[in-house]
Amino acid sequence: MLFSLLNVPPASASTAAGSGGAGAPGAGAGLAAAGVPAAARVPKRRPHVLREGAARALFGTAAALSIAAVALICLFLLANGVPAMAEIGLPEFLFGTTWRPAHDLYGIFPMIVGSLYVTAGAMIVGVPGGLLTALYLSRFARGRTGSFLRSGVELLAGIPSVVYGFFGLVIIVPFVRLFGPGTGLSVLAASLILGIMILPTVITVAQSALDAVPARYYEGALALGVDHEHAVFKVVAPAAASGIMAAIVLGLGRAIGETMAVVMVAGNMPIIPDSLLSGVRTMTANIVLEMGYAADLHREALIATGVVLFVFILLITMLLNVIRKRGEAR
Amino acid sequence: MSDGFNLRLRRPRPSVVACSPTLGALGAVNLMPACFAKEDALEAHIARSSRRRRAVSVLLRWLTYAAATVTAAVLLFVVGYILVRGVPALTPDLFQWEYTSENVSLLPALASTVIMALLALAMAVPVGVGAAIYLVEYARRGSRFVRLVRVTAETLQGIPSIIYGLFGMLFFVTACGWGLSLLSGACTLAIMVLPVIMRTTEEALMAVPDSYREGGFGLGAGRLRTVARCVLPSAVPGILGGVILALGRCVGEVAALLFTAGTVAQIPDFGGQGIFALFDSCRTLAVHMYTLACEGLHVNEAYATSVVLLILVLLLNAAMRVAAQKMEVSKK
């Protein structure tokens, strides 16, 4: 009994570090934190302490798993992609303009440019409309229309990318074909469909940023004699600037990483597109199209393409973090 | 913030001058008539600029209306078109248990989708919820470990699905030797949706008022019991919302599954092989739809499949709405 009395306090103090009740002074008092006479609780306390420790360890392990996942993803991608980059030669790989696996030519420059073009196009299509819709939902919508549109945006976010791709294939591609030569599988078609796909991301993130602007900003503007529209556009929107930037960057990330919808509408020629109507292949498409049958260096070159894409995504994530931090600093 | 300031510095003119008619009236009594000409010019200027500003206001308002209309129109067009073309294409043939190249049945894919998604969630939900519990209830706020977990979870959330597909192919399919299989696919999906579940659970837990925790501790419960009995129950609707969101991502995913689960159009044979059916390759509904659309031979069936996918998404959205409402109620 006495031993357990002496033993328990350090154990409970170490496992319950940071818990609200561990502030009482003295070894015995730490035990009696719950206000119960210490001796009465001691025999029951041991399994309890063990259970608490086990739970803490278990939850901690679960949290550590996400770190492990990122580490594993980096490790496996790099281990399989970097040797290929070394073998092909980094400059040839990144800036080579010919992708011809049959001749051992692995230049992904056209794909990098293709990804950038298509992403830029998607931003031009999706961002202005998305931001204005977010403003509408946050500050202009009333009653039924607002809630209808809000659930519509949720639905847009839930539609799988294959369905978007299929829609693009049967509607947007024939539509683009009307505008000129070619099959319609083009930068333009891919930009349009991606622009639609990033809408829900841009809208929801921007809207929650706009909703979070303190009411006194808006009220202050009104008190100075401006009308509703000017108050929203000149005061509320700038106050939500960092959230709006985050929305745009998140949309950027979605657009550059999107795969299936792009594969279905972009035409997929590994060339640097010379017009809006010419076909294009993105990095993501490159991987999906050829991974099924690739072997050896070809396969590794595709994984290396994934590494390059991964680097782009990491840059975007970092940018996002900088924006968020700056938003918090304000 | 800075613009709020600018506004005050830039704009005082109109608001001060707005009361200038009174100043003018005073001037009429006391000051020289020369003042009047100046005042008139000023007032004309004010009238012009306020008219212009009103025009700008109307323009801005209509811009937002137009954008909202376009968004709604796009949504209605996408959903409407798929439904109009797809619903007539739904035939009994599409719901045969066995897939053949003649009936192009989507039922095996639908069943595989359900199995795959449940398996992925069975792995991701305990880990994600546990991790969130650790972050919110156990860890010291702002410790290095917590910050690292946050950063990695954010990174995971930003990674596109094709990268998960590549990783799944390298790790589960090749390194673990599971081949193109249900298990490889489900594990890949589990990692993919982990950050979604973590994040929503975290938010749900943080929304639980501290008084619940204090109540638990006050009654002498340990941390584990407090979390399990007082905090978690009121966070359940929020967690459920995250689970449904994750389910939606599992259902719609293609890029992460093409090279991890493969495209065999059969239900994994759990009856015949037992647990080893986990190592069967199978295609989910979204993958099924992708192969149909790419082959180009079965356009009608592709429409029908997309209708089924849309209906699944609609159901999930409805479920999410219910969960969100429950969350609102429990907050009150």
Side-chain angles (χ1 to χ4, degrees), chain A residues 18-21 34 48 51-52 55-56 58-60 62-63 65-67 69-70 73 76 80 129 132-133 135-136 140 149 152 154-156 158-160 162-163 166-167 196 199 217 221 224-225 227 229-230 233-235 238-239 253 257 259-260 264 284 287-288 291 303 306 310 313 317 330, chain B residues 1 3-4 7 11 14-15 18 57 60-61 63-64 67-68 70-72 74-75 78 81-82 127 130-131 133-135 138 140 148-149 152-156 158-160 162-163 166-167 170-171 191 194 217 220 222-224 248 252 254-255 258-259 286 289-290 293 302 306 309 313 316-317:
Chain A
S19 87
H48 191 119
R51 198 157 4 109
E52 288 290 334
R56 189 187 185 82
L58 206 66
F59 293 144
L65 269 179
S66 76
I67 304 177
V70 170
I73 290 175
F76 269 79
N80 287 278
L132 285 171
T133 308
L135 275 169
Y136 172 80
F140 289 91
L149 192 59
E154 269 168 38
L155 180 60
L156 268 183
I159 296 177
V162 258
V163 174
F166 185 62
F167 176 79
I196 295 176
L199 269 181
Y217 285 33
L224 287 170
D227 52 17
E229 288 79 9
H230 276 88
F233 275 83
K234 296 270 170 102
V235 178
T259 314
M260 305 323 291
M264 292 165 90
T284 51
I287 302 169
V288 157
M291 196 45 112
I303 296 167
F310 192 54
I313 293 292
T317 311
R330 281 177 141 200
Chain B
M1 179 98 91
D3 251 343
L7 176 121
R11 299 271 180 225
S15 49
S57 294
L60 290 177
R61 178 151 21 102
L63 261 179
T64 65
V70 168
T71 306
V74 164
L75 169 79
V78 173
Y81 187 81
I82 298 278
V127 175
I133 289 177
Y134 185 81
L135 291 184
Y138 281 84
R140 256 179 307 124
L148 192 60
V149 173
T152 51
E154 255 167 47
T155 312
L156 278 179
I159 294 178
I162 182 71
I163 301 280
L166 275 183
F167 168 71
L170 294 170
F171 186 68
I191 298 182
L194 180 66
F217 290 133
R223 187 155 286 257
L224 179 62
V254 177
L258 268 183
F259 307 118
M289 160 143 196
Y290 174 67
S306 52
L309 272 174
V313 169
L316 289 177
N317 271 15

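Values reported hereafter were calculated over all heavy atoms of this structure, with side chains retained and with hydrogens, waters and symmetry mates removed.
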Exercise. Are A/Pro160 and B/Val313 close enough that some pair of their side-chain heavy atoms sits under 4.5 Å apart?
Worked result: yes
For this session: With a 4.5 angstrom heavy-atom cut-off, could you sort out which part of A/Phe233 is near chain B: side chain, backbone, both or neither?
Result: side chain
Seminar exercise, completed: The interface call for A/Met264 against chain B, heavy-atom contacts under 4.5 Å, is side chain
Problem set entry | B/Ile82, part contacting chain A, at a heavy-atom distance under 4.5 Å | side chain
Exercise. Hey, does B/Pro160 have a side-chain heavy atom less than 4.5 Å from the side chain of A/Ile313?
Worked result: yes
For this session: Say whether A/Thr317 and B/Thr155, considering side chains only, have a donor N or O and an acceptor N or O under 3.5 Å apart.
Result: no
Seminar exercise, completed: On a heavy-atom basis, the closest approach of B/Ala153 and A/Ser66 is N-OG, 4.4 Å
Seminar exercise, completed: Nearest heavy-atom contact between B/Ile159 and A/Phe310 is CD1-CE1, 3.5 Å
Exercise. B/Tyr81 versus chain A, heavy atoms under 4.5 Å apart: side chain, backbone, both or neither?
Worked result: side chain
Problem set entry | Partner set under ring-ring contact (aromatic ring centres under 6.0 Å, His included) for A/Phe140, not counting sequence neighbours | A/His228
Problem set entry | CG-NZ distance between B/Leu60 and A/Lys234, expressed to the nearest 0.5 angstrom | 8.0 Å
Exercise. With a 4.0 Å cut-off, would you call B/Arg223 and A/Glu52 a salt bridge?
Worked result: no
Exercise. Checking heavy atoms, do the side chain of A/Ile73, its backbone, both or neither come under 4.5 Å from chain B?
Worked result: both
Exercise. Is the shortest heavy-atom distance from the side chain of B/Leu309 to the side chain of A/Val162 under 4.5 Å?
Worked result: yes
Exercise. Out of B/Gly252, B/Ala255, B/Ala131, which one racks up the most heavy-atom pairs below 4.5 Å with chain A?
Worked result: B/Ala131
For this session: Could you check which of B/Leu135, B/Leu156, B/Leu316, B/Ile191 has the highest count of heavy-atom pairs closer than 4.5 Å to chain A?
Result: B/Leu156
For this session: Side chain from CB out, backbone as N, CA, C, O: work out which of these in B/Leu194 comes under 4.5 Å of a heavy atom of chain A, or both, or neither.
Result: side chain
For this session: Heavy atoms only: give me the nearest A/Gly152-B/Leu75 pair and the separation to one decimal.
Result: CA-CD2, 3.4 Å
For this session: Could you look at B/Leu170 and say if it's the side chain, the backbone, both or neither that has a heavy atom under 4.5 Å from chain A?
Result: both
Exercise. Considering only heavy atoms from C-beta outward, does the side chain of A/Met291 approach that of B/Leu166 to under 4.5 Å?
Worked result: yes
Exercise. Is it the side chain or the backbone of B/Phe171 that comes within 4.5 Å of chain A heavy atoms, both, or neither?
Worked result: both
Exercise. If you tally heavy-atom pairs under 4.5 Å against chain B, which of A/Ala62, A/Gly306, A/Ala55 wins?
Worked result: A/Ala62
Exercise. Should A/Leu156 and B/Thr71 count as side-chain neighbours, where that means a heavy-atom distance under 4.5 Å?
Worked result: yes
Exercise. What are the two closest non-hydrogen atoms of B/Ala72 and A/Leu149, and how far apart are they?
Worked result: CB-CD1, 3.7 Å
Problem set entry | Partners passing side-chain contact (heavy atoms from CB on, under 4.5 Å) against B/Val74 (at least two apart in sequence or in another chain) | A/Ile196, B/Val70, B/Val78
Problem set entry | Inter-residue atom distance B/Ile162.CD1 - A/Thr284.OG1, 0.5 Å rounding | 7.0 Å
For this session: Could you please spell out the steps behind the side-chain contact (heavy atoms from CB on, under 4.5 Å) verdict for A/Met260 and B/Leu258?
Result: CA-CA 10 Å; A/Met260 305 323 291; B/Leu258 268 183; 3.9 Å; yes
Problem set entry | Parallel, tilted or perpendicular: ring planes of B/Tyr138 versus A/Phe59, cut at 30 and 60 degrees | tilted
